[in-house]
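Okay, structure first, notes after.
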Protein chains: 2
Amino acid sequence: MVSRLSALEEESIDYFVSFVQILGLPKSIGQIYGLFFVSSDPMAMDHVVGRLDISKGCASQGLATLKGFGAIIPVHMEGDRREHFEADFEVSKIVAHFFEETLEPRMAHGEERLNRMISISENGENPGENPIVTRLNALKKWQTRGKETIPLIKEFLKA
Amino acid sequence: MVSRLSALEEESIDYFVSFVQILGLPKSIGQIYGLFFVSSDPMAMDHVVGRLDISKGCASQGLATLKGFGAIIPVHMEGDRREHFEADFEVSKIVAHFFEETLEPRMAHGEERLNRMISISENGENPGENPIVTRLNALKKWQTRGKETIPLIKEFLKA
DNA sequence: CGGTTAGTTCAATTGATAATGAACAAATCT
DNA sequence: AGATTTGTTCATTATCAATTGAACTAACCG
């Protein structure tokens, strides 16, 4: 079943596809969340498959991911055994997930690497005037600053 | 010519590959910048091709991109007609470019779409109690907040 | 000038990632 | 119980962007 999407649904889907792609997430995640965001009623997987014309497998994985983010919430529908969902409208949850699962681990890994680079470079003579050590230390200061910024952004976007 | 990379160069390349990939840039951009970052001397394109074992075309495009970002600077070398470069160590330039060329245009586009969604939804009866209008307005507030955050982050990362 | 070197461009290839769809498991009917 | 519905998994396929490499232009050289 493929029923035509409303203008509102199309805009919402496009909006969230663009949104999740900035975070490096697959398009289908944005499509699904966009559909839920402007839906008046909870939907089950087969609704998603039908409206978006995507495969069952894709919808299953997308719903699982969004549920994991807390971006959609399971709701029980009386007299229907299919699992239904509705959007959690707190979009910041998706961003927070990106920060915690992607950005922060990468920064931590980057910090380790940077420390390794500094110790490799310092192993020479008079490290105080080694220009490479100087620039690595500047980079480290910058990276630390970036790391400190993330919690602030998270806090700012939350409320 | 493929000469072996030092441990420092490998760490630096990995560091910046991971870095640029968060911004959605190709790996080769990170490799090239990473190589320049820990280099003591300016390098021409054929050095880059040789050290990184990438194609001439890829190096040419990568260098052009990085030059466009202001992340590498052309330097003239006496008695050598090849164009040499050295890194500009202000890494924030690369991030600023991402903000200005990718994030800000997308946010502007998103804002338009959101306004369109709101006007579609308001076209019904008593918009004050339309739950979809309510959530779209909440999203708009959030998006505005995000937009206002970007200049702050840019400023913070600059110095 | 013709030969060589430096660098660009872009069509074709490759590689990485997401989506498909069929096989499967599990729950719910009659 | 068997039949049907619901949902998951994962190997295959499709998609899309990055890289290659060959053809090209332009600048320098002898």
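In the text below, chain A, chain B and the rest are named by the order of the sequence lines, each starting its count at 1. Source: prediction; values computed, not measured.
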Task: Whole-Å gap separating C1' (D/dT8) and CG (A/L63) - done: 12 Å
Open item on the list: Does B/K56 contact D/dG21 through a side-chain donor or acceptor facing the base, at a distance under 3.5 Å?
Closed with: no
Task: Gap between atoms CD and P, on A/Q61 and D/dC10 respectively (whole Å) - done: 10 Å
Task: A/F16 and A/F37 aromatic ring geometry - parallel, tilted or perpendicular at 30°/60° bounds - done: tilted
Open item on the list: Between B/Q31 and B/L52 (side chain of the first, backbone of the second, donor and acceptor by atom type, cut-off under 3.5 Å), is there such a pair?
Closed with: no
TODO: Anything under 30° is parallel, anything over 60° is perpendicular, the rest tilted; go ahead and classify A/F19 against A/Y15.
DONE: parallel
Open item on the list: Using heavy-atom distances to pick each residue's nearest nucleotide on DNA chain D, tell me which of B/L25 and A/D80 is more 5'.
Closed with: A/D80
Task: C/dA19 phosphate, OP1 or OP2, under 4.0 Å from A/S28 side-chain N/O - done: yes
Task: d(CD, A/E83; P, C/dA27) in whole Å - done: 13 Å
Open item on the list: Rounding to an integer number of Å, can you tell me how far B/I72 CD1 sits from C/dG7 C1'?
Closed with: 14 Å
TODO: Quick one: label B/R81 by what it contacts on the DNA or RNA (base, sugar-phosphate, nothing), any heavy atom closer than 4.0 Å.
DONE: base
Task: Between C/dA26 (P) and A/M45 (CE): distance, integer Å - done: 17 Å
TODO: Would you mind reading off the distance between A/K67 atom NZ and D/dT6 atom P, rounded to a whole angstrom?
DONE: 16 Å
- [ ] Side chain of B/P26 only, please: which of D/dG7, C/dG7, D/dT19 is the nearest?
- [x] D/dT19
Task: B/K154 atom NZ, neighbour heavy-atom count above 12 within 6.0 Å - done: yes
Task: Nearest-Å distance for atom pair NZ/P, residues B/K27 and D/dA18 - done: 13 Å
Open item on the list: So does B/M117 get a backbone contact from the side chain of B/S121, meaning a donor-acceptor N/O pair under 3.5 Å?
Closed with: yes
Open item on the list: Please report the distance, rounded to the nearest Å, between CD1 in B/I32 and P in C/dG7.
Closed with: 13 Å
Task: Any B/S60 side-chain N or O less than 4.0 Å from OP1/OP2 of C/dT8 - done: yes
Task: Candidates D/dT20, C/dT20, C/dA18 - which lies nearest the side chain of A/I54 - done: C/dT20
